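Predicted model, so just to flag it, every value in this text is computed and none were measured.
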Amino acid sequence: MTAEAPTAPALSYGRLIPVTVHFDDLDALGLLHNARYPLLVERAWTQLWQQHGVRFEGDWAAAGDACNAVKELRVTYEAPVTRPGTYAVHLWLDRLGTTGLTYGFRFCSADGATTYARGTRVLVRLDPHTLRPAPWSDTLRSAGRELLRPAG
């Protein structure tokens with residue numbers, strides 16, 4: 001008789017993006033440092049948005065939707081990450097407004113089954129000249145609608 005590996009939960013919304021925790025991401029106790037979680041989530045979002053053509057290449061005026069700022073960040077740590085390796089970030093949008101959006105995330109095992117941290121972040125799209133809120137492009141809005149978590 002062979003034991004079957006547990007199957008990962010199917011994602012009903014959002015995307016699961018692989019990330020790597022390196023040895024130097026761990027703190028003196030051998031735990032993933034609390035400041036690394038948002039960094040790894042940011043890298044996952046950057047990878048996802050680049051797949052949709054949203055990227056910053058050094059010119060804020062040409063950056064389009066990549067010209068944005070964080071308004072709020074909340075993270076809740078649920079279980080420690082105790083070793084380097086491959087993990088994942090489950091990403092989704094909770095809200096997609098005219099000039100702002102709120103995304104949710106889970107830092108989890110590579111298969112999405114175990115959650116180590118979860119949180120939300122609010123972004124505001126900025127006009128590169130005035131640094132005032134500006135509308136998201138139709139391209140980002142279209143990609144964003146695919147990431148919206150169903151209400152409920």
Side-chain angles (χ1 to χ4, degrees), residues 5-27 31-60 62-128 133-152:
T7 49
L11 294 180
S12 60
Y13 59 89
R15 292 271 308 277
L16 200 61
I17 306 293
V19 295
T20 301
V21 171
H22 298 278
F23 176 77
D24 61 354
D25 292 321
L26 305 179
D27 65 15
L31 306 175
L32 180 59
H33 191 281
N34 68 82
R36 296 293 192 185
Y37 290 85
L39 175 69
L40 291 164
V41 170
E42 176 72 16
R43 289 177 180 165
W45 270 115
T46 298
Q47 179 182 335
L48 181 102
W49 286 124
Q50 285 180 347
Q51 294 170 4
H52 294 284
V54 177
R55 61 181 44 89
F56 177 69
E57 296 176 339
D59 180 358
W60 284 115
D65 293 310
C67 185
N68 59 66
V70 176
K71 182 176 180 181
E72 178 181 301
L73 172 66
R74 294 177 184 258
V75 182
T76 301
Y77 304 96
E78 297 188 7
V81 171
T82 59
R83 66 183 106 159
T86 301
Y87 294 85
V89 179
H90 177 197
L91 303 171
W92 66 88
L93 292 183
D94 284 324
R95 184 187 69 81
L96 178 58
T98 303
T99 62
L101 61 80
T102 303
Y103 71 68
F105 65 88
R106 286 185 317 118
F107 188 91
C108 51
S109 56
D111 63 3
T114 303
T115 300
Y116 298 100
R118 66 178 67 241
T120 59
R121 190 163 98 160
V122 178
L123 292 180
V124 177
R125 164 78 161 86
L126 298 176
D127 176 282
W136 299 109
S137 71
D138 291 339
T139 301
L140 184 128
R141 296 183 65 69
S142 177
R145 281 191 288 275
E146 296 174 13
L147 297 168
L148 281 170
R149 181 169 71 169

Could you pull out the closest heavy-atom pair between Val81 and Leu26, with the gap in Å? O-CD2, 4.4 Å
Hey, does His90 have a side-chain heavy atom less than 4.5 Å from the side chain of Leu11? yes
Is it the case that Asp65 and Ser137 place a side-chain donor and acceptor less than 3.5 Å from each other? yes
For a quick test of reading the model, state the closest non-hydrogen atom pair linking Ala44 to Val19 and the distance between them. CB-CG1, 4.1 Å
Counting only heavy atoms not in Asp138, do more than 12 fall under 6.0 Å of its CG? no
What closest approach, in Å, do His22 and Pro84 show between heavy atoms, and which atom pair accounts for it? C-CB, 4.0 Å
Quick one: CG on Leu147 to CG on Leu96, what's the gap to the nearest 0.5 Å? 9.5 Å
Rounded to the nearest 0.5 Å, what's the gap from CH2 on Trp92 to CG on Leu48? Could you check? 13.0 Å
Under the salt bridge (Lys or Arg N to Asp or Glu O under 4.0 Å) test, which residues partner Arg145, sequence neighbours left out? none
Do you know which two heavy atoms are closest between Ala88 and Ser109, and how far apart they sit? CB-O, 3.6 Å
Pairing donors with acceptors under 3.5 angstrom, does anything connect the side chains of Thr76 and Arg118? no
Is the closest side-chain heavy-atom distance between Leu73 and Pro38 below 4.5 Å? yes
Got Thr114 and Cys108 here, is their nearest side-chain heavy-atom distance under 4.5 Å? no
Which of Arg95, Arg121, Arg149 passes side chain to side chain donor-acceptor pair (under 3.5 Å) with Tyr103? Answer is Arg121
Pair listing, salt bridge (Lys or Arg N to Asp or Glu O under 4.0 Å) test, anchored in residues 79-90, at least two apart: none
Residues in salt bridge (Lys or Arg N to Asp or Glu O under 4.0 Å) contact with Glu146, at least two apart in sequence or another chain: none
Find the distance between OG1 (Thr102) and CZ (Arg74) and round it off to the nearest 0.5 Å. 10.5 Å
Can you measure from CG (Leu91) to CZ (Phe107) and round to the nearest 0.5 angstrom? 11.5 Å
Keeping Arg55 on the side-chain end and Gln50 on the backbone end, is there a donor-acceptor pair under 3.5 Å? yes
Under a 4.5 Å cut-off applied to non-hydrogen side-chain atoms, are Val122 and Val70 in contact? no
Would you say the side chain of Thr20 lies within less than 4.5 Å of the side chain of Tyr87, judging by non-hydrogen atoms? no
Approximate separation, where rounding is to 0.5 Å, of Gln47 CD and Ile17 CD1: 5.0 Å
For Val54 and Ala66 the tightest heavy-atom approach is CG1-N, 3.8 Å
Does either side chain, that of Gln51 or that of Arg15, offer a donor lying less than 3.5 Å from an acceptor on the other one? yes
Can you tell me how far apart CG (Leu93) and CZ (Arg141) are? Round to the nearest 0.5 Å. 10.5 Å
Are Leu32 and Tyr37 packed together at the side-chain level, in the sense that at least one heavy-atom pair is separated by less than 4.5 angstrom? yes
Kindly give the heavy-atom pair with the smallest separation between Leu40 and Val21, and that separation in Å. CD1-CG2, 4.0 Å
Find out whether Asn68 and Val124 are in side-chain contact, i.e. whether some heavy atom of one side chain is under 4.5 Å from a heavy atom of the other. no
Under 4.5 Å between any side-chain heavy atoms of Tyr116 and Arg106, yes or no? no
